[in-house]
Amino acid sequence: MRITIVGHSTVLLESDGTRLLTDPYFGTFGHLAYARKTPPSMGREEVGRLDGVLVSHNHWDHTDHRFLRSLEPGVPVMVPSGTSPVMRLKGARNVVPLRRWQSLRIGTVVITAVPATHLARSTGFVAQNETTCVYFAGDTYYRPYMAEIGRRFPIDVALLPVATYRIPMTIGEKGAVLAARDLGCRVVIPIHLGVQPRSPLMLSLIHISEPTRLKTRSRMPSS
């Protein structure tokens, strides 16, 4: 499986002609409260043909309205169960809601919705072909079900959100280390990067409350 990081939480997965995109977000401005510091590596029109789109939740930085409206009508947009009406308002037409642990085959890839915890109704996804198993976490927090995901699937690559703007908003660096241990994955690719608050005051509060890198490293599982 070929994995291309487009930016933030947008990732292109390719497997023997099957092309899937996660959490599409191609805007370069960001939001009134958040600035996008790192632009996407490709534009909406450069993505090309897709066989499916995986949307972990309906927040603005994971649901690009213009991109969703531009999709061919037959392209399935897989979303958390219960979010179909909102996703249609955001431009998705062929909405496919998935419950936890529900699976669907798209071309050469089996997609399974897995548990996730966030401020919005959300889901993670496991994408598996004959040789590779990829876990896309979305904007989840670290929770005990990470170990269950690791038991159910032979995770080769985990796409984990490492940036957090408190509450916590995502799993963060420390949580990503613990999740990697529980998942038993071979490779971790950081996602949810390149966006930060516009307010200097908010940034200073975030830096004060972030766990230190020294503490994060101390929890790293031994090789």
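Along the sequence shown, residues are numbered consecutively beginning with 1. These numbers come from the heavy atoms of this one structure, side chains and all, not from hydrogens, waters or symmetry mates.
Here the rule is side chain to side chain contact (heavy atoms under 4.5 Å, CB included) with S9, and of D139, T170, T22 only D139 fits it. The ring pair (Phe, Tyr, Trp, His ring centres under 6.0 Å) with Y25 is formed by just one residue from the set H8, H57, H62; it is H8.
You'll find the side chain of V55 reaches within 4.5 Å of the side chain of P24, heavy atoms only.
A distance of 5.0 Å separates CG of L178 from CZ of R181, quoted to the nearest 0.5 Å. Expressed to the nearest 0.5 Å, how far CG of D23 lies from NE2 of H59 amounts to 11.0 Å.
Cluster membership for M87 and L21, using ILVMFWY side-chain heavy atoms within less than 4.5 angstrom, is shared. Cluster annotation: L119 and Y34 are assigned to the same hydrophobic cluster (Ile/Leu/Val/Met/Phe/Trp/Tyr, side-chain heavy-atom contacts under 4.5 Å, transitive). Hydrophobic clustering of Ile, Leu, Val, Met, Phe, Trp and Tyr side chains at less than 4.5 Å, counting indirect connections, unites L71 with M42. Connection of V79 to V114 is not established within any shared hydrophobic cluster, with ILVMFWY side chains joined at heavy-atom distances below 4.5 Å, either directly or through further cluster members. Under a hydrophobic clustering in which Ile, Leu, Val, Met, Phe, Trp and Tyr are joined whenever their side-chain heavy atoms come within less than 4.5 Å, directly or via other members, V110 and L12 fall into different clusters.
Applying the ring pair (Phe, Tyr, Trp, His ring centres under 6.0 Å) rule to F26 yields the partners F67; only residues at least two apart in sequence or on another chain are considered. With sequence neighbours excluded, no residue forms a side chain to side chain donor-acceptor pair (under 3.5 Å) with N58. Applying the side chain to side chain contact (heavy atoms under 4.5 Å, CB included) criterion to R66, with sequence neighbours excluded, gives R44, D64, R69. Contacts of W101 classified as ring pair (Phe, Tyr, Trp, His ring centres under 6.0 Å), with partners at least two apart in sequence or in another chain: none.
Hydrophobic cluster membership of F125, counting Ile, Leu, Val, Met, Phe, Trp and Tyr whose side-chain heavy atoms lie under 4.5 Å apart directly or via other members: M1, I3, I5, V11, L13, L20, L54, M78, V96, L98, L104, I106, V109, I111, V134, F136, V157, L159, V187, I189, I191. As a member of the Ile/Leu/Val/Met/Phe/Trp/Tyr network built from side-chain separations under 4.5 Å, V86 groups with nothing else and remains a singleton.
Inspection of the T123 and S56 side chains reveals no N or O donor paired with an N or O acceptor under 3.5 Å. Looking only at atom types and distance, the side chain of T117 has no donor-acceptor partner in the side chain of T140 under 3.5 Å away.
A salt bridge links D156 with R186; the closest basic N to acidic carboxylate O contact falls under 4.0 Å.
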